[in-house]
Amino acid sequence: MNGASPASSPLDAVDYDPIDHLNTIFSHPSTLSAVGETAAALQHHQNVLSTSISGLVADQAYSSDSSLQRMQSAKAELATLFRKIESVRTRALETEQTITSMTKDIRMLDGMKRNLTLSMTALKRLQMLATAFEQLRGLAKTRQYRECASLLQAVLQLMKHFNSYRSINQIATLSRNVAELQRELLEQVCEDFEMAFAKGEVGPKKVTLAEACLVIDALGEHARSRLVTWYVNTHLREYRQVFRGNDEAGSLDNIGRRYSWFKRMLKTYDDEHVGIFPGHWRVNEVLANSFCEGTRDDFKGILERSMRRADGPKIDVNLLLSCLQETMDFEQSLEKRFASDPRASIDTLSSMEEKPHTFDRSISEAFEPYLSLWVESQDKQLATMIPKYRNQPLISADEEFSNQAVIPSSIELFHFYKLTLAQCAKLSTGDKLLDLSRILAKYLDEYAQQVLLYLLQTPGGPSLQNTVLVLNTADYWHTNTQQLEENIKKRIDNELSSKVDLSSQSDTFMGVASAGVLALVRRVEVDCEASWREMRNTNWSKMDSVGDQSSYVAELLRHVNGQAEEILAIVGKQQYARAFCDNVVENLANTYIANIVQCRPVSEVGAEQMLLDKYVLTKELTTLLAHSPIISKTSTTTQNNFTKRVNQSMARLDPLLKTIQVRPFPPEGLVQAYLIHIGDRSDTNFRKILELKGVRKIDQPSLVELFGLHRDSKSNDQLVQSNPLLTPLMNASGLGSSGLGIAGIGPLGGQKFDAAGFGEKLFSAARDGVSAAGERVGSPLMSEDAKGAVEGNLKSIGKFFRRDMSGFGRFGGRKDGNGSVDDTVR
């Protein structure tokens with residue numbers, strides 16, 4: 001700026017920054033005095049640049065190579081190009097016109113040649129048609145049908161070429177003559193057939209009639225349908241007269257005569273008429289189809305009249321089944337005879353469209369609405385079988401007991417179900433099969449309640465072997481009921497498959513199986529009653545010190561092990577052996593708690609002794625599975641799972657005994673022990689603990705008040721409202737039974753449904769309900785109300801055991817990585 005040359009001026013830089021430039025010029029405050037000089041220099045530089053730009057613009061505008069001149073030159077060149085294009089287009093049009101004029105005569109000659117060729121072809125075809133028509137008329141008069149057939153096809157084919165010329169009178173007349181000749185040929189052939197069959201001259205004229213069928217084939221579908229319909233009606237006329245006009249011949253008793261007559265008719269066709277008709281006509285099949293349709297309509301009328309008959313017997317079920325079976329055999333024989341690939345319809349009234357045909361149910365369809373009579377007969381037969389099964393021996397005198405055996409009546413019933421189902425599926429796969437499935441379901445419930453459950457309710461209780469037989473039979477039917485449902489669903493129509501449901505009956509048999517397991521547990525319970533009585537007779541409030549196990553413990557374990565060894569030796573399935581052991585443990589835990597209540601008051605030393613006895617019982621009960629020959633050989637995982645189950649079941653006693661073990665003075669210790677072990681907010685439950693400890697009535701209010709203060713403190717907000725361990729204890733309704741109302745007791749802090757207690761009450765309720773209904777050996781069956789109550793209970797427990805199989809051991813257990821089942825209580 002200060003004398004620097006323009007070439008080196010920072011203003012010419014590509015990345016010029018005015019701020020940097022100003023900072024360079026005025027790098028110190030003392031340089032600000034040169035602001036005016038700098039501004040003047042910038043103004044001068046700007047003026048120089050403006051002058052230079054103006055000069056360059058002027059030079060460009062007046063130079064010989066200006067942009068304006070270039071644009072004008074381009075326009076001139078484009079105009080020249082357009083003139084040349086127009087000239088080329090004009091010459092092309094002139095050339096096209098010249099060529100068109102040159103080829104006009106050639107195109108005209110081509111058109112004349114094409115028209116002449118078409119005219120000659122049409123005239124030639126017309127000549128051929130006229131000649132063929134005259135020949136055909138002569139051949140028709142002399143009945144030379146083979147030549148007529150081929151010539152007729154040619155005439156009809158030639159006539160198609162003249163469909164567009166029918167406006168010409170001569171062509172129209174010829175067309176009418178051909179149509180009239182077709183009609184005359186049809187009538188003549190039909191007359192020949194009628195005369196030959198009427199005079200019995202089929203044999204001598206067989207060749208002529210066979211050639212006449214070729215003419216019918218050429219005449220088309222309508223002519224073929226007319227001739228075949230006439231043949232069918234002619235040969236079935238006798239059948240209709242004999243079996244429709246005579247009540248005796250047309251009755252169901254003579255159904256075999258119908259089918260024998262038609263078989264003779266088919267034999268006559270095969271021997272005498274098969275060579276007359278072309279094979280693709282399938283005349284014998286049309287004849288069979290017409291026979292089936294007529295016979296089906298006859299049977300529908302006969303059955304309707306029989307059902308409407310007010311005086312006289314209704315349809316005999318055995319006769320109905322016999323006729324139906326004979327009809328199905330006949331249909332099957334027709335199906336085998338005419339079985340082939342999909343073929344033309346054999347319906348004489350329908351068009352010849354391709355569709356498969358079958359003789360299945362072509363006649364037996366008439367019987368289907370009346371199959372309800374057969375279903376009712378099965379209902380009645382099953383109703384007589386159930387009482388008979390109640391009184392049959394559970395095992396034959398010449399057979400030995402087996403731990404896998406089932407009651408013979410169950411096998412007999414299963415075979416009856418199997419045969420009945422197979423028979424019904426042949427007769428109907430629709431509503432009647434669904435009705436039968438409901439009948440079968442009904443008597444499965446009856447068998448479970450009035451046979452199996454009845455056997456568990458015999459006076460004095462069933463024997464051990466009988467109980468195991470009932471258990472095996474219930475398991476047998478539990479499995480077969482599911483298979484029966486699947487089998488029915490495979491056979492029944494798809495739209496009805498969803499209505500088949502035997503899960504309720506499966507649950508019922510599971511309930512009976514659980515009742516059988518509980519009947520085995522009951523044997524242990526009864527055998528242990530003396531040991532529990534000894535425990536109740538012990539004075540637990542005056543005990544001074546804790547010694548070895550109590551005397552009743554050894555006796556109790558001896559009875560438990562003895563019964564378990566005897567029972568498990570004949571229980572043939574692992575899941576039921578495990579279920580028995582689980583329920584024995586649950587029963588002992590419940591009974592122990594119940595006896596603690598009956599032993600009140602219990603001192604602190606007494607509670608400590610009970611706790612020691614509980615530990616001894618727990619240790620010994622873990623070996624209970626060893627008595628089973630089928631479980632003792634399994635993996636150690638099964639034993640470990642059972643040990644967990646025993647420990648969890650017996651651990652339910654710990655909170656109660658550990659709380660009773662604490663002395664009431666100082667009172668804070670007892671309250672804190674209750675809050676730690678029992679862990680609820682219930683004043684009622686706390687009072688029960690005081691009652692069990694024998695705390696005096698006058699001392700209880702102060703302890704309850706202290707309990708309320710500690711309970712309501714912030715540190716105890718997590719307490720539950722009521723512990724299920726103590727809730728049923730000491731209730732008035734529970735004191736009269738061995739369970740003492742504690743069937744629902746679960747592990748501390750949880751409210752798990754107890755299978756053993758529920759099953760015990762189910763068994764008792766079922767037994768009581770039957771007794772109330774007058775159920776005794778040799779007495780009538782239970783009432784409908786009683787049966788409904790028992791059925792509901794059995795289904796409920798069956799569903800429970802399917803859902804939570806902790807009461808049935810390995811049922812539905814969760815498999816671990818080793819493939820064994822972990823069925824511990826969670």
Side-chain angles (χ1 to χ4, degrees), residues 517-518 520-521 523-525 527-528 531-532 535 548-569 571 573-596 608-658 725 745-748 750 752 754-757 805-811 813-816 818 820-826:
V517 171
L518 295 173
L520 297 176
V521 175
R523 297 177 66 87
V524 180
E525 182 181 359
D527 202 39
C528 295
S531 302
W532 293 120
M535 175 185 177
D548 293 333
Q549 65 186 44
S550 301
S551 58
Y552 76 90
V553 174
E555 190 67 16
L556 178 65
L557 290 174
R558 185 179 66 82
H559 288 296
V560 171
N561 289 326
Q563 286 290 333
E565 183 176 2
E566 181 183 4
I567 292 172
L568 292 176
V571 174
K573 289 199 173 183
Q574 181 174 341
Q575 62 265 34
Y576 293 113
R578 173 64 192 273
F580 167 77
C581 294
D582 288 345
N583 280 272
V584 166
V585 172
E586 291 293 328
N587 180 272
L588 290 174
N590 291 339
T591 309
Y592 202 111
I593 296 174
N595 281 281
I596 292 175
E608 188 174 354
Q609 182 64 49
M610 287 183 176
L611 201 58
L612 175 63
D613 296 340
K614 191 272 301 185
Y615 289 143
V616 175
L617 285 174
T618 302
K619 181 179 179 182
E620 291 296 326
L621 289 176
T622 57
T623 64
L624 204 58
L625 276 180
H627 297 298
S628 173
I630 56 177
I631 296 184
S632 59
K633 299 178 182 179
T634 58
S635 64
T636 57
T637 304
T638 303
Q639 180 59 47
N640 293 337
N641 292 337
F642 180 68
T643 300
K644 292 179 183 178
R645 174 66 182 269
V646 173
N647 291 332
Q648 290 175 347
S649 297
M650 299 301 291
R652 292 159 45 196
L653 283 71
D654 291 347
L656 179 62
L657 293 176
K658 288 180 179 180
L725 176 68
I745 296 177
L748 183 61
K752 184 173 178 62
D754 180 59
M805 288 302 178
S806 61
F808 257 59
R810 295 176 61 86
F811 279 175
R814 175 175 54 85
K815 290 188 177 181
D816 59 17
N818 298 325
S820 59
V821 179
D822 181 5
D823 48 7
T824 55
V825 179
R826 290 179 290 277

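- No donor-acceptor contact under 3.5 angstrom links the side chains of Asn561 and Glu565, judged on distance only.
- In this structure, CZ in Arg645 is found 12.0 Å from CG in Leu621, a value given to the nearest 0.5 Å.
- Using a 4.5 Å cut-off on side-chain heavy atoms (C-beta onward), Lys614 and Asp654 make contact.
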Requested in this report: Begin from the C-alpha positions of Ile593 and Leu725 and carry the test side-chain contact (heavy atoms from CB on, under 4.5 Å) through to its verdict.
Outcome: CA-CA 9 Å; Ile593 296 174; Leu725 176 68; 4.0 Å; yes

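- A pairwise comparison of heavy atoms in Ala564 and Leu624 identifies CB-CD1, 3.7 Å as the closest pair.
- A heavy-atom distance below 4.5 Å is not found between the side chains of Val616 and Asp548.
- Taking CZ of Phe642 as the start and OG1 of Thr623 as the end, the distance is 8.5 Å to the nearest 0.5 Å.
- We find that Arg523 and Asp527 are not joined by a salt bridge, their nearest charged nitrogen and carboxylate oxygen being 4.0 Å or further apart.
- For the residue pair His559 and Gln563, no side-chain donor N or O sits within less than 3.5 Å of a side-chain acceptor on the partner.
- A heavy-atom distance below 4.5 Å is not found between the side chains of Val560 and Leu617.
- Using a 4.5 Å heavy-atom cutoff, the side chains of Leu588 and Val524 are not in contact.
- Counting only distance, with no hydrogens or angles, the side chain of Asn583 and the backbone of Leu518 share no donor-acceptor pair below 3.5 Å.
- The line from CD1 of Ile596 to CG of Leu653 is 5.0 Å long, rounded to the nearest 0.5 Å.
- Between Ala577 and Ile630, the closest heavy-atom pair is CB-CD1, 4.4 Å.
- With Ser628 contributing its side chain and Leu625 its backbone, the two residues share no donor-acceptor pair below 3.5 Å.
- By the salt bridge (Lys or Arg N to Asp or Glu O under 4.0 Å) test, Lys573 is found to be paired with Asp475, residues two or more places apart in sequence or in another chain being considered.
- Here Thr622 contributes atom OG1 and Asn647 contributes atom CG; the two are 7.0 Å apart, rounded to the nearest 0.5 Å.
- Interatomic distance, CG of Asn595 versus OH of Tyr552, reported as 8.0 Å (0.5 Å rounding).
- With hydrogens and angles disregarded, a donor-acceptor distance shorter than 3.5 Å links the side chain of Tyr592 to the backbone of Met610.
- In this structure the side chain of Met535 never reaches within 4.5 angstrom of the side chain of Ser550, judged on heavy atoms.
- Between Arg652 and Glu586 there is a salt bridge, with a side-chain nitrogen of the basic residue lying less than 4.0 Å from a carboxylate oxygen of the acidic one.
- For the atom pair Lys619 NZ and Thr643 OG1, the distance stands at 12.5 Å (nearest 0.5 Å).
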